[in-house]
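All remarks here apply to the structure that follows.
Counting starts at 1 for both ligands and their atoms, following the listed order. Worth saying up front: this structure is predicted, and the values here are computed from it rather than measured.
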Amino acid sequence: MIHNSYLDNRCPTMSNTLQSVIAQTLPFEDQKPGTSGLRKKVRVFMQKNYTENFIQCIFDALGDKLKGSTLVVGGDGRYFSKPAINTIIRIASANEVSKLIIGQLGILSTPAVSALIREHKVLGGIVLTASHNPGGIRNDFGIKYNIENGGPAPDNITNSIYELSTKITQYKTTPTLETDRLIDILGTSKFNVDGRQFTVEIIDSTTNYVNLMKQIFDFNKLRALIRGTDQRPAFNVLLDSMNGVTGVYVRNIFVEELGASPDNNVRRVVPLDNFGEIHPDPNLTYAKDLVDKLKEDSNYDFGAAFDGDGDRNMILGKNAFFVTPSDSLAVLANNLECIPYFKKNGVNGFARSMPTAAAVDRVAAKLGKEIFEVPTGWKYFGNLMDAGRLSLCGEESFGTGSDHIREKDGIWAVLAWLSVIEHKQMGVEEILKEHWTLYGRNYFTRYDYEECETEGANKMINRLEGFIADGGLVGKAYTALGKTYKVAKADNFSYVDPIDNSVAKNQGIRILFEDGSRLIYRLSGTGSSGATIRVYIECYEKEDVLTDAQVMLKPLVEIGLEISQLKEFTGRNQPTVIT
Ligand code: G6P
Ligand code: ZN
């Protein structure tokens with residue numbers, strides 16, 4: 001019997017042939033992926049066939065390429081990850097996938113998945129995460145497909161997944177494939193499904209990613225910074241994993257490799273499936289705990305936090321001096337030469353998402369580099385990186401990354417910042433002040449109104465779109481708190497990808513003022529219920545660079561509320577989050 005050669009190495013007695021079956025199902029109407037995959041409440045994913053349908057649609061969207069392919073699977077370990085992975089294993093086996101590479105216990109940060117797809121040159125990966133959204137049985141789960149370059153699937157793939165999800169009538173699965181504890185133990189298991197070999201390899205969650213970081217950064221220098229030397233005291237960091245997936249990477253890289261103290265330099269480094277009931281989003285509101293720690297204890301020189309799946313980061317200096325993500329990007333762009341990876345590979349262009357403040361544009365102009373402005377969503381950077389036009393990019397939503405992978409990367413961002421600090425021998429605040437003195441300052445803030453009623457939010461956006469259509473805003477002057485701003489241009493941002501000419505329309509309403517200030521309105525694409533309105537506010541000052549950002553931007557905020565009539569449409573007097 002040919003099948004006897006395929007022994008399951010966990011349990012040699014399980015070497016018999018398994019049969020896949022076709023299960024009947026009905027479509028769900030709400031499986032449209034958002035900015036970054038499908039995100040819903042856990043209970044939605046728990047509905048009979050809900051997860052099965054979506055996985056089958058991902059596979060169907062991949063077409064013939066799926067047969068004989070290898071995929072990477074893992075996520076931030078949030079509640080429902082294990083049953084979802086078991087479902088993926090069974091459906092993949094029946095759909096002629098040849099191999100799954102899965103992080104032990106289902107744990108892989110989003111950047112680690114991207115790195116693994118690239119390292120093993122496989123077809124793609126499935127990431128189980130709702131990123132920075134809360135987890136646990138009452139909260140969110142998510143499924144995202146990443147393509148062979150390691151980045152999130154582009155719109156044409158997510159659109160086709162959605163199309164298929166509206167018509168699906170059946171899925172293929174292997175119900176007898178025993179998944180119990182399969183992902184808990186390192187090693188390779190081989191199954192025989194319908195006469196084909198199907199392999200599940202459970203890998204260590206950190207090894208590949210840690211090796212990649214060692215190739216990019218100078219770990220000796222970083223260790224000297226964190227531990228201190230005979231000449232210099234230790235640079236005292238506090239890294240907060242917010243009970244998310246980065247805990248395992250932080251312990252491995254910062255504690256074991258770079259000599260940080262497990263007691264004083266890291267916190268919340270054990271991943272929990274409900275993130276300890278916190279909102280694992282590294283910003284001033286949800287990471288307030290870290291902010292307070294740094295304010296209370298001025299022995300800390302540096303703080304950083306990560307989100308649930310490890311792609312976001314927030315950077316703080318001594319006394320919780322806050323670095324906006326837009327400034328963080330600009331500072332890194334200005335100092336890349338101190339990182340071995342860029343010394344070796346050179347620096348191509350820079351990019352930011354449209355709502356991100358334009359500080360990096362000034363660095364690009366000075367250094368003579370290309371700069372790209374793309375819609376919100378990391379997927380829009382991938383083509384530029386693949387074409388060798390883009391080395392470093394970032395978003396105001398606390399994402400920073402480079403072309404080492406095709407996802408934003410929280411740990412990478414912190415290692416990059418520490419490399420700059422080590423190179424310049426300056427603290428965070430000093431570095432920012434030097435930067436602003438050189439380039440001027442792009443003041444930026446974002447107001448989020450979370451989970452508003454969809455109807456009011458849509459009406460507000462429709463009204464703004466009406467203004468754009470009739471050109472009514474252009475030329476109008478608005479005054480608040482003694483400052484006057486005149487509208488130079490208003491549009492709904494549209495992007496043509498310079499590599500494949502694909503077009504993304506309606507990516508955010510922009511009101512651009514004559515002095516370069518901007519007001520931007522967008523509906524979030526990552527929420528799981530209701531509508532989240534984001535208002536982005538930016539102005540530029542060449543000389544006045546040390547005023548508090550909230551003070552500087554107050555007049556524009558008022559004008560933004562007046563033009564949109566946000567309070568009237570939503571009934572909200574205050575934003576949920578200000579960053
Ligand atoms: C995810 C994406 C980012 C995006 C962010 C905000 O984190 O990976 O690229 O900037 O969501 O999206 P939203 O649609 O909620 O503003
Ligand atoms: Zn994330």
Is the cationic atom of K40 (NZ for Lys, CZ for Arg) positioned less than 6.0 Å from the six-membered ring centroid of F45 and within 45 degrees of its normal? no
Going by heavy atoms, is G377 under 4.0 Å from ligand 1? yes
Do G525 and ligand 1 have an N or O pair less than 3.5 Å apart? yes
For E396, is the nearest heavy atom under 4.0 Å from an atom of ligand 1? no
Is ligand 1 under 4.0 Å from a heavy atom in the side chain of S524, in the backbone, in both, or in neither? both
Ligand 1 versus R522: contacting region, heavy-atom distance under 4.0 Å: side chain
With a 3.5 Å cut-off and no angle check, do the side chains of S114 and N146 form a donor-acceptor pair? no
Do R446 and V535 have side-chain heavy atoms sitting under 4.5 Å apart? no
Contact check, side chains of L556 and Y443, non-hydrogen atoms, under 4.5 Å: no
Once rounded to 10 degrees, what value does the angle at the Zn ion (ligand 2) take between OD1 (D309) and OD2 (D307)? 90°
Given the side-chain rings of Y79 and F141, with only the six-membered ring counted for Trp, is the space between their centroids under 6.0 Å? no
Hydrogens and angles aside, do D309 and S131 bring a side-chain donor and acceptor to less than 3.5 Å of each other? yes
Please state whether K408 comes within less than 4.0 angstrom of ligand 1, counting heavy atoms only. yes
Check whether more than 12 heavy atoms from other residues, nucleotides or ligands sit under 6.0 Å from atom CD of E453, and answer yes or no. no
Quick check on the Zn ion (ligand 2): does T110 put an N/O/S atom closer than 2.8 Å to it? no
Hey, does R312 come in under 3.5 Å of ligand 1, counting only N/O atoms on both sides? yes
